[in-house]
Amino acid sequence: MLSLHPDRTAVLMSNKTVLITGGAGFLGSHLCDRFLDRSFNVICLDNFYTGSKANVAHLADDKRFTLVNHDVCEPLVAVIPQKVDLIMNFACPASPVHYQKDPVYTAKISFLGALNALELAKKNQARIIQASTSEVYGDPKEHPQRESYWGNVNPHGIRSCYDEGKRIAETLFFDYQRQFELNIGLVRIFNTYGPRMAVEDGRVVSNFIVQALRGEALTIYGDGEQTRSFCFGDDLIDVILKLADNSKLTGPYNIGNDVEFTVAELAEKVRSLVGTKVKIDRKPLPSDDPKVRKPDLSQTKRDLNWAPKISLEEGLKKTIPYFEQKLASLKS
Ligand code: UDP
């Protein structure tokens with residue numbers, strides 16, 4: 001599990017209310033914990049499309065925690081009548097397997113979810129943070145990717161529902177800032193992993209760990225030479241909170257880890273850390289799969305005084321026991 005954060009010792013009562021859409025998801029649920037640690041009232045809104053009640057079950061008895069079962073494609077104003085001071089818009093499936101399952105719904109969540117969250121922020125005059133993604137860069141021709149890069153995105157491929165969805169969401173955010181002077185912040189999240197990912201998440205880190213633990217072959221798509229830079233969840237949550245706190249900063253900010261690995265290198269690391277000799281099963285590379293990805297973090301490091309601390313090896317060592325437990329609980 002993610003370690004207990006020093007914020008938990010905070011005694012200062014903030015009396016502020018944060019709405020976290022997608023609050024029962026992998027990242028959203030960690031945000032719920034951390035905002036409660038900071039004495040916020042937390043409204044966690046989720047329809048459990050990919051989020052899980054188990055991720056927030058430990059918060060059920062906390063009087064400052066409210067769980068609202070709602071789809072962000074429907075207006076939020078009616079279901080959140082109370083005053084909110086901050087909105088974290090994190091509702092969206094983020095794994096290619098999940099966002100491609102119902103691409104029209106993914107596009108709707110990306111656009112309508114952002115629109116509905118922005119409308120609520122406007123009504124409350126609240127700061128609002130958008131979980132954007134490295135996918136806005138598509139299959140990048142600039143490497144590493146800086147925030148100033150406009151990307152190389154296929155507008156009608158199998159990843160477009162998510163890539164273009166998140167791009168139009170960024171557009172909406174900036175238009176609400178320009179048109180209504182809304183206080184916005186945007187993070188572009190690069191590949192992230194850690195406890196509370198679903199066993200069936202489908203992304204590469206969780207797939208490899210789950211496969212290795214089950215003694216199954218690791219599925220490498222394509223030749224395995226494509227690269228990603230993997231960030232442990234704790235590191236990412238730290239920088240998201242920093243941006244939420246600093247209402248003078250807008251971004252967009254790249255957030256993630258800037259140490260790059262090939263997918264084949266990741267497979268080797270997982271095999272050796274799990275301590276198994278499972279085989280590699282080569283599968284076709286899905287279309288539009290980015291060949292390289294690594295964030296240029298210089299702007300984020302400078303403005304937010306942050307850098308990722310947890311190496312891939314350390315992060316995997318914290319994540320493997322989580323999946324071990326999850327798999328054991330599925331058996332029992
Ligand atoms: N991938 C893989 N095996 C898997 C899952 C993914 O080789 O079981 C590859 C995928 O083709 C991509 C990379 O790993 O090149 C990262 O995929 P992921 O789904 O984690 O996220 P993406 O970065 O593509 O959004």
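Looking at Asp303 and Tyr253, their side chains do bring a donor and an acceptor atom within 3.5 Å of each other. At a cut-off of 3.5 Å, with distance as the only test, a side-chain donor of Tyr176 or Glu119 sits close to an acceptor on the other residue.
A 4.5 Å side-chain heavy-atom check between Val263 and Phe208 finds at least one atom pair inside the cut-off.
Within the model, atoms CZ of Phe90 and OG of Ser29 stand 11.5 Å from one another, a figure rounded to the nearest 0.5 Å. Rounded to the nearest 0.5 angstrom, Thr300 OG1 and Ile255 CD1 are separated by 7.5 Å. Between the CG atom in Leu27 and the CG atom in Asn55 there is a gap of 10.5 Å [rounded to 0.5 Å].
Ring-plane geometry between Phe190 and Tyr137 is classed as tilted, the angle between the planes lying from 30 to 60 degrees on a 0 to 90 degree scale.
Within a 6.0 Å sphere centred on NZ of Lys309, other residues, nucleotides and ligands contribute 12 heavy atoms or fewer. Counting heavy atoms of neighbouring residues, nucleotides and ligands inside a 6.0 Å radius, atom CZ of Arg214 exceeds 12 of them. Atom NZ of Lys108 has 12 or fewer heavy atoms from other residues, nucleotides or ligands within 6.0 Å. Under a cut-off of 6.0 angstrom, the local environment of CD in Glu181 is sparse, with at most 12 non-hydrogen atoms contributed by other residues, nucleotides or ligands.
When each of His143, Glu147, Glu142 is paired with Gln145, the side-chain contact (heavy atoms from CB on, under 4.5 Å) condition holds for His143 and for no other.
Annotation: cation-pi geometry satisfied between Lys53 and Phe48 (NZ/CZ under 6.0 angstrom from ring centroid, within 45° of ring axis). Note that Arg38 lies in the cation-pi zone of Phe35, set by a 6.0 Å cut-off to the ring centre and a 45° limit from the axis.
With hydrogens and angles ignored, the 3.5 Å screen pairs no side-chain donor or acceptor of Asn152 with any backbone N or O of Pro140. Put simply, the side chain of Asn124 never gets that close to the backbone of Ala126: no donor and acceptor are under 3.5 Å apart.
Residues Lys166 and Glu135 are not paired through a salt bridge, judged by the lack of any N-O separation under 4.0 Å between the basic side chain and the carboxylate.
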